[in-house]
Amino acid sequence: MKSADQKKQNAFFKKYNRTDAVLLAVCLLFYLLFPILDGPVWCKDSMSYAGMEISREPFYPMFLALMKVRSGAEISGAGMMRTVIVQSLIAGFSTWYAGYVIKKTKNDSVLLQLAAIGFQFVVSLLCRFAAIRSSVYTDCIMTEGLCLPLFVLFSVELYLSVITEQKRHVAWTMALSFLLLSIRKQMLITVIIMGVVFGWYYIIRSRKIRKFGVLILLLLSVLSAGKLLDRTYNYVVRGAWIEHCHNSMGFLCVLLYTSDVENDQNLFTDEMLRALYLDIMEQADGEQILYPWAEPGWLSVAVHFADSYDAIGYGIINPVVEGYIGENFNYSEVEAALKYDEICDSMVRTLLGQKKGPLIQVWAYNIWRGFVNSIARATNLLSLYALAAYLVIGGMALYLIMQKKKLRSMMPQRTGAAEYGDRTEQIGRSLTFMFIVMTAVVVNSLAVGLTIFTQPRYMLYSMGLFYAAGCMMAYDIVSLMRAARADR
């Protein structure tokens with residue numbers, strides 16, 4: 001026999017009404033309109049995925065191959081259209097599912113359902129009509145086309161994992177994390193997010209240490225499965241049992257940007273590495289893409305760093321290091337890639353000895369820009385808005401926590417304990433969802449801010465969910481105020 005709690009948890013997904021069906025159709029049609037009207041968008045990074053370059057994670061090249069985006073040396077227009085249609089369908093479903101789950105876990109509130117869907121729509125419309133790129137990511141041949149909607153599904157399933165403790169939601173959360181980190185290495189953040197959320201829920205709140213230990217083993221299994229897929233893919237494609245390469249170049253760009261040649265050249269004991277370092281820095285300084293050339297001010301430094309990042313990495317590091325390898329070794333593709341990583345790894349370890357003042361400043365500015373881009377757009381004015389928004393959300397969360405404690409203390413003393421219990425449960429769900437969203441914002445901002453530049457493309461994963469979670473909390477505050485009036 002199923003317990004009452006299990007029956008209540010399963011009831012979340014037993015009834016689909018006509019409104020749900022209509023909204024699903026609307027969500028699917030909304031995202032399908034972009035490839036129908038605009039057609040698929042080929043981006044700067046698209047060829048590296050379609051061409052299965054050794055620097056790329058395995059899943060998206062496999063997905064493009066399945067869609068037959070490339071046939072030999074030719075780019076298939078039909079394959080591109082199939083790709084963006086599939087991406088759009090996944091985006092439509094994930095948007096609908098987020099709204100549906102929020103509705104079913106928040107007293108069947110259609111208003112919250114529409115808000116959750118609406119915010120996801122707004123993020124897409126901003127990308128299409130307000131951003132410089134003028135296209136939605138699901139309409140592009142790039143990893144974000146899959147990562148953005150799958151991350152929404154991941155966040156919702158993680159939320160359900162916590163509030164229901166059902167194994168199927170834990171399994172879906174783990175599976176989505178595996179897919180995401182196999183699409184894009186940035187999505188290793190999903191493992192950290194799960195670790196933080198499960199640690200908070202099963203160690204701090206419910207004291208279920210054994211269950212937390214099992215979940216940690218599952219997280220390690222996800223990481224191992226990702227590495228196994230990466231190696232298997234490269235073995236099939238290249239005959240080499242290796243993971244994808246060029247992972248060190250990104251962090252090397254950060255260290256080079258803040259490096260002081262006069263002091264840091266003395267850190268190198270290997271003459272070959274020193275020569276490569278000096279060549280890179282001379283070119284970078286000539287192009288004025290190093291930290292001393294940035295205008296003063298946090299946003300100016302962050303933007304200058306972002307503009308310099310690819311110029312340093314792809315414009316200077318790659319030609320210099322790959323040129324050196326090509327001139328001095330007769331290597332295969334795999335051997336050259338491994339040598340490239342060896343050189344970059346050595347330069348990273350050496351440059352970690354640089355004076356940390358400029359590096360810490362760039363990190364701080366870059367991370368804050370990530371926080372702003374996670375919910376808005378990084379300008380001086382909108383950075384103030386972002387600060388205010390985070391403070392308001394923090395204040396709302398503190399108020400709800402205090403009210404939840406108050407309701408719990410009143411339950412034994414009042415009639416209608418079930419009603420009070422339902423109110424505390426509703427508050428708990430809103431706080432849980434916001435905690436998951438804010439954990440994602442913090443982890444992503446820190447991870448990206450420390451290793452790459454925090455442009456909107458890397459940061460907007462939780463944007464729609466942040467405002468949906470805010471609406472859930474506002475819904476509870478309004479409900480508490482109405483209940484307080486009724487009790488007088």
Side-chain angles (χ1 to χ4, degrees), residues 20-43 45-46 49 59-60 62-64 66-67 69 79-103 113-131 133-160 172-173 175-177 179-184 186-187 190 374-375 437 440 444 456-469:
D20 297 322
V22 170
L23 287 174
L24 176 59
V26 169
C27 290
L28 295 175
L29 179 60
F30 175 82
Y31 284 98
L32 284 172
L33 282 175
F34 295 105
I36 291 172
L37 296 177
D38 296 338
V41 180
W42 189 261
C43 303
D45 292 342
S46 300
Y49 292 103
F59 192 86
Y60 201 66
M62 293 165 58
F63 172 66
L64 295 181
L66 181 65
M67 296 294 106
V69 167
M80 289 171 61
M81 181 58 79
R82 281 192 291 269
T83 299
V84 297
I85 285 175
V86 171
Q87 291 176 172
S88 299
L89 290 173
I90 295 173
F93 174 77
S94 68
T95 295
W96 171 82
Y97 187 64
Y100 176 75
V101 168
I102 287 173
K103 182 189 81 165
Q113 181 182 24
L114 293 174
I117 291 172
F119 285 122
Q120 292 299 127
F121 282 4
V122 168
V123 173
S124 297
L125 291 172
L126 288 173
C127 290
R128 174 60 182 84
F129 296 105
R133 64 177 297 105
S134 297
S135 61
V136 295
Y137 288 103
T138 52
D139 200 20
C140 299
I141 308 298
M142 60 195 311
T143 51
E144 282 80 6
L146 281 181
C147 277
L148 286 168
L150 290 179
F151 188 84
V152 172
L153 290 176
F154 163 81
S155 300
V156 173
E157 284 298 317
L158 181 56
Y159 166 62
L160 290 172
W172 274 113
T173 305
L176 287 164
S177 176
L179 283 177
L180 284 162
L181 65 87
S182 298
I183 295 171
R184 183 176 185 83
Q186 177 191 348
M187 291 296 103
T190 58
S374 295
I375 63 171
V437 172
N444 194 38
R457 170 183 164 188
Y458 303 144
M459 306 312 303
L460 52 73
Y461 287 89
S462 300
M463 184 178 288
L465 297 175
F466 174 83
Y467 293 103

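Positions are given from 1, in the same order as the sequence printed here.
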Hey, what do you get for [atom1] ([X]) to [atom2] ([Y]), rounding to the nearest 0.5 Å?
| X | Y | atom1 | atom2 | answer |
| --- | --- | --- | --- | --- |
| Ser155 | Leu176 | OG | CG | 9.5 Å |
| Ile90 | Leu148 | CD1 | CG | 12.0 Å |
| Ile375 | Ser462 | CD1 | OG | 11.0 Å |
| Leu23 | Lys103 | CG | NZ | 8.0 Å |
| Asp20 | Leu24 | CG | CG | 9.0 Å |

Those residues that, when tested against Ser124, pass side chain to side chain donor-acceptor pair (under 3.5 Å) (two or more places apart): Tyr31
Ser177: side chain to side chain donor-acceptor pair (under 3.5 Å) partners, not counting sequence neighbours: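 Residues passing side chain to side chain donor-acceptor pair (under 3.5 Å) with Ser177: Thr190.
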Derivation and outcome, side chain to side chain contact (heavy atoms under 4.5 Å, CB included), residues Leu465 and Gln120: CA-CA 8 Å; Leu465 297 175; Gln120 292 299 127; 4.1 Å; yes
Test log, rule side chain to side chain contact (heavy atoms under 4.5 Å, CB included), inputs Met187 and Cys147: CA-CA 8 Å; Met187 291 296 103; Cys147 277; 4.0 Å; yes
Close side-chain approach of Leu114 to Phe119, heavy-atom, < 4.5 Å: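 Not touching, per the 4.5 Å side-chain cut-off.
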Check: Tyr137 and Leu460 side chains under 4.5 Å, non-hydrogen atoms: yes
Nearest heavy atoms of [X] and [Y], plus distance in Å:
| X | Y | result |
| --- | --- | --- |
| Gly99 | Gln113 | O-CG, 3.4 Å |
| Thr138 | Gln87 | O-NE2, 3.0 Å |
| Gly92 | Cys27 | O-CB, 3.3 Å |

Examine distances only and state if a side-chain atom of [X] and a backbone atom of [Y] form a donor-acceptor pair shorter than 3.5 Å.
| X | Y | result |
| --- | --- | --- |
| Asn444 | Gln186 | no |
| Arg128 | Val136 | no |
| Ser46 | Ile141 | yes |
| Thr173 | Glu157 | yes |
| Trp172 | Leu153 | no |
| Tyr60 | Leu146 | no |

Aromatic plane relationship, Tyr97 with Phe93 - under 30° parallel, 30 to 60° tilted, over 60° perpendicular: parallel
Short N-O contact, Asp139 and Arg133, less than 4.0 angstrom: no
Ring center gap for Phe154 and Phe151 short of 6.0 angstrom: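 That pair passes the under 6.0 Å test.
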Candidate list Thr83, Val41, Val84, Asp38, test side chain to side chain contact (heavy atoms under 4.5 Å, CB included), partner Cys140, passing option: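 Looking at Thr83, Val41, Val84, Asp38, the match for Cys140 under the side chain to side chain contact (heavy atoms under 4.5 Å, CB included) is Val41.
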Worked check of side chain to side chain contact (heavy atoms under 4.5 Å, CB included) between Met67 and Met80: CA-CA 7 Å; Met67 296 294 106; Met80 289 171 61; over 6 Å; no
